[in-house]
Amino acid sequence: NKKGFIFDLDGVIVDTAKYHFLAWRKLANSVGVDFTETQNEQLKGVSRKRSLEKILEWGNKSLSGDEFNRLMALKNEDYLSHVNTMDESEILPDVPKILNYLIKEKQPIALGSASKNAQTILERVNLLSKFNTIVDGNGVTKGKPNPEVFLNAAKNLGVEADQCIVFEDAQAGIEAANAANMVSIGIGEKDVLQNADYVFKDFTEISEDFINTLINN
Ligand code: B16
Ligand code: MG
């Protein structure tokens with residue numbers, strides 16, 4: 001039985017949520033809407049378009065289509081100015097160790113992210129070559145919690161969905177993995193990621209023995 005290991009990007013490989021927060025807060029404030037850390041948490045794993053819709057809902061604002069698109073572009077420009085400062089030092093602890101172990105064990109590896117900037121970010125932190133396939137916000141029509149992104153990743157790897165293991169930091173992503181019949185591994189807090197099959201604070205808590213169990217089950 002061939003396994004597939006699928007990694008979310010933001011919050012799993014790098015902490016870009018802090019840059020999304022800065023860019024969304026700046027944008028929201030510019031149209032007179034407040035934006036808090038709690039709200040940012042609710043945008044994790046959510047597409048750029050859906051994120052702006054939610055921010056406008058929270059602020060009771062409605063905009064024309066043109067204005068909406070202009071704000072989405074502005075937010076992304078600001079976000080990318082932060083992304084362009086990133087380097088390998090922003091990779092979350094023990095991520096390279098786990099990726100290298102999976103590569104040593106000849107396990108297929110995919111990225112499954114809602115971000116349209118996924119490839120740029122992986123290039124910046126020098127991890128692009130570790131992945132056999134990248135499925136990102138450009139390759140899906142339905143965002144998490146819809147399982148499309150992970151199902152496409154499984155297909156690209158040539159692995160059955162129920163043989164895949166997903167690492168996710170967002171509730172929406174855990175739901176997507178569960179809906180795809182995949183093993184869901186939460187990276188973060190147990191009380192936030194209640195529906196995950198396993199939860200670890202970060203990759204420093206994940207042992208090679210645990211990875212071996214995943215490979216052999
Ligand atoms: P972009 P993930 C998600 O990435 C982020 O968690 C979410 O906050 C963001 O809005 C989304 O990507 C879209 O990102 O604006 O770069 O296309 O966690 O699925 O890797
Ligand atoms: Mg994430």
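Side chains included, hydrogens not; waters and symmetry mates left out as well; all remaining heavy atoms used.
Counting only distance, with no hydrogens or angles, the side chain of Q163 and the backbone of E160 share no donor-acceptor pair below 3.5 Å. A donor-acceptor pair is defined here as one N or O able to donate and one able to accept, closer than 3.5 Å; such a pair exists between the side chain of T213 and the backbone of D209. At distances below 3.5 Å, at least one donor-acceptor pair connects side-chain atoms of N132 with backbone N or O atoms of I109. Between the side chain of K3 and the main chain of N217, a donor-acceptor pair closer than 3.5 Å is present. No donor-acceptor pair under 3.5 Å is formed between the side chain of K44 and the backbone N or O of D169. Between the E105 side chain and the L102 main chain, no donor and acceptor come within less than 3.5 Å of each other.
Within 6.0 Å of NZ on K201 lie no more than 12 heavy atoms contributed by other residues, nucleotides or ligands. The number of heavy-atom neighbours closer than 6.0 Å to NZ of K18, taken from other residues, nucleotides and ligands shown, is above 12.
Ring centroid separation for the pair Y19 and Y79 does not come in under the 6.0 Å cut-off.
We find that D34 and R25 are not joined by a salt bridge, their nearest charged nitrogen and carboxylate oxygen being 4.0 Å or further apart. Between K75 and D78 there is no salt bridge, since none of the side-chain N atoms of the basic residue sits less than 4.0 Å from a carboxylate O of the acidic one. Note on R50 versus E57: salt bridge recorded, some NZ/NE/NH1/NH2 to OD/OE distance being below 4.0 Å. Comment: K144 engages E168 in a salt bridge, judged by a side-chain N to carboxylate O separation of less than 4.0 angstrom.
Interatomic distance, L157 CG to N152 CG, rounded to the nearest 0.5 Å: 11.0 Å. Atoms CG and CD1, from D15 and I91 in turn, are 13.0 Å apart once rounded to the nearest 0.5 Å. The distance from the CD1 atom of I187 to the CD1 atom of I206 is 4.0 Å, given to the nearest 0.5 Å. With values rounded to the nearest 0.5 angstrom, F35 atom CZ is found 4.5 Å from I55 atom CD1. For the atom pair CG of L63 and CG of L56, the computed distance is 5.0 Å after rounding to the nearest 0.5 Å. To the nearest 0.5 Å, the span separating CD on Q171 from CD1 on I174 amounts to 9.5 Å.
Side chains of N178 and S184: a donor-acceptor N/O pair is present below 3.5 angstrom, by distance only. For the residue pair D87 / S89, a side-chain donor-acceptor distance below 3.5 Å is found, with atom types taken as modelled. No hydrogens or angles considered: a donor-acceptor pair under 3.5 Å links the side chains of N100 and K130. No donor-acceptor contact under 3.5 angstrom links the side chains of H20 and N40, judged on distance only.
Ring planes of Y198 and F210: perpendicular class, angle over 60° (limits at 30 and 60°).
In the hydrophobic clustering of ILVMFWY residues, with side-chain heavy atoms under 4.5 Å counting as a link, I215 and M182 come out apart. Hydrophobic clustering (side-chain heavy atoms under 4.5 Å, transitive across Ile, Leu, Val, Met, Phe, Trp, Tyr) keeps V12 apart from V140. Both F5 and I13 are members of a single hydrophobic cluster when ILVMFWY side chains are connected at heavy-atom separations under 4.5 Å. Residues V46 and V14 fall into different hydrophobic clusters, defined by Ile, Leu, Val, Met, Phe, Trp and Tyr side chains chained together at heavy-atom separations under 4.5 Å. Residue V95 is grouped with residue I185 when hydrophobic side chains (ILVMFWY) are merged at heavy-atom distances under 4.5 angstrom, including chains of intermediate members.
The shortest heavy-atom contact between S113 and D8 is CA-OD1, 4.2 Å. The two residues F167 and I211 make their nearest non-hydrogen contact at CZ-CD1, 4.5 Å. Summarising the geometry of V33 relative to N29, their closest heavy-atom pair is O-OD1, 2.9 Å, with the distance given to 0.1 Å. Closest of all the heavy-atom pairs between D136 and A118 is CB-CB, 3.7 Å.
For T141, the side-chain hydrogen bond (donor to acceptor under 3.5 Å, both in side chains) partners two or more places apart in sequence, or in a different chain, are E148.
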Residues E53, R48; criterion salt bridge (Lys or Arg N to Asp or Glu O under 4.0 Å); working and verdict: CA-CA 9 Å; E53 285 169 0; R48 195 183 312 163; over 6 Å; no
